[in-house]
Each structure stands twice: as C-alpha cells, then as structure tokens.
Novice: 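Shown below is the structure under consideration.
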Amino acid sequence: CSADWTAKLWSSSVPAATTSSNSNSGRRRDGLVHEFRSMDLFDVVNDVAWSRTISTVFALVAGDGRVEVWDLGRSTLDPVVKLF
C-alpha cells in the first residue's frame, strides 16, 4: 500500500538496512528499482498483485476505485489498462 500515489518495485537482493544513496549502476542501495505512477492518480494505492502467469504484469487498485494493469515488457511509464 502507498499513501504517496505510487507503486514501487524493490529488489529483494539488497538489504533494507543499507543507505539510500544512488549507486553507479543506477539502482538505489535501498533496493528501490522503479516507481510507477499514473499522471492522473491522486489517491492512495490500496493493493498490488503480480500476474500468476506473466512475470512482467501487475495490477493495482487505488482509493478512487480505479484498477490499473501494468505490463513492464511494454511500458514503465503508463499502465496498459485503466478501469474506473
């Protein structure tokens, strides 16, 4: 869940207790890999779930009732489906 209107992708291979400064590889040391946010989303993200069959797809539901489906294989900037 997120109160800052984003869904965040974290790497589980980086310990959470390390500093949050950026590394040379472009990945943060705290494990944050990417933040996803629709331009018109101004409400909390209540839940996120990964697809059971497609490793690049996840869906989120927001406080305004929308459901967004993201496919990281197609875009990291916009969801492929938005339902209100």
Side-chain angles (χ1 to χ4, degrees):
C1 298
S2 173
D4 68 355
W5 314 319
T6 64
K8 294 178 175 68
L9 180 63
W10 299 86
S11 171
S12 62
S13 64
V14 178
T18 59
T19 181
S20 63
S21 63
N22 288 336
S23 67
N24 292 336
S25 68
R27 292 176 63 183
R28 292 167 45 131
R29 289 189 187 177
D30 63 0
L32 181 62
V33 177
H34 195 77
E35 288 186 1
F36 303 92
R37 181 177 180 276
S38 289
M39 295 306 295
D40 63 343
L41 178 59
F42 300 104
D43 211 331
V44 298
V45 175
N46 289 323
D47 200 11
V48 176
W50 284 101
S51 167
R52 293 181 183 182
T53 57
I54 304 170
S55 64
T56 60
V57 173
F58 70 91
L60 66 83
V61 61
D64 61 1
R66 81 175 65 201
V67 174
E68 294 183 351
V69 179
W70 291 74
D71 183 348
L72 305 182
R74 291 179 61 189
S75 175
T76 60
L77 300 176
D78 295 304
V80 293
V81 175
K82 254 194 248 190
L83 302 171
F84 286 91

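Positions are given from 1 along the sequence. Worth knowing before you read on, the calculation uses all heavy atoms, side chains too, and leaves out hydrogens, waters and symmetry mates.
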Novice: Treat each ILVMFWY residue as a node, draw an edge where side-chain heavy atoms are under 4.5 Å apart, and state whether L83 and V69 are in one component.
Specialist: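 Per the 4.5 Å side-chain linkage, L83 and V69 are co-clustered.
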Novice: From the options V48, N46, V44, select the one residue that forms a side-chain contact (heavy atoms from CB on, under 4.5 Å) with V61.
Specialist: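 Single pass found, and it is N46.
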Novice: Which value, rounded to the nearest 0.5 Å, describes the distance between L72 atom CG and L77 atom CG?
Specialist: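 Going from CG on L72 over to CG on L77, the span is 11.0 Å.
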Novice: Do V33 and W50 share a hydrophobic cluster (ILVMFWY, side-chain heavy atoms under 4.5 Å, transitive)?
Specialist: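 In one cluster with V33: W50, yes.
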Novice: What's the verdict on salt bridge (charged side-chain N to carboxylate O under 4.0 Å, His left out) for D4 and K8, showing C-alpha distance, side-chain angles and the deciding distance?
Specialist: CA-CA 10 Å; D4 68 355; K8 294 178 175 68; 2.6 Å; yes
Novice: Please determine whether residues V57 and L9 belong to a single hydrophobic cluster, defined as Ile, Leu, Val, Met, Phe, Trp and Tyr linked transitively by side-chain heavy-atom distances below 4.5 Å.
Specialist: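 The answer is no; the residues belong to distinct hydrophobic clusters.
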Novice: Ignoring hydrogens, what is the shortest heavy-atom contact between F42 and M39? Give both atom names and the distance.
Specialist: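 Distance-wise, the nearest heavy atoms are CZ-O, 3.5 Å.
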Novice: Check the hydrophobic clustering (I, L, V, M, F, W, Y; side-chain heavy atoms under 4.5 Å; chains of links allowed) and say if I54 and V81 are grouped together.
Specialist: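 Yes.
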Novice: Looking at every heavy atom in both L60 and A7, which two are closest together, and how far apart are they?
Specialist: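 Closest heavy-atom pair between L60 and A7: CD2-CB, 4.0 Å.
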Novice: Can you list every pair that meets side-chain hydrogen bond (donor to acceptor under 3.5 Å, both in side chains) and has a residue in residues 60-70, with sequence neighbours left out?
Specialist: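 For residues 60-70: S38-E68, D40-R66, D64-R66, R66-E68, E68-W70.
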Novice: Which pair of heavy atoms, one from W10 and one from L32, lies closest together, and at what distance?
Specialist: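 It is CE3-N, 3.3 Å.
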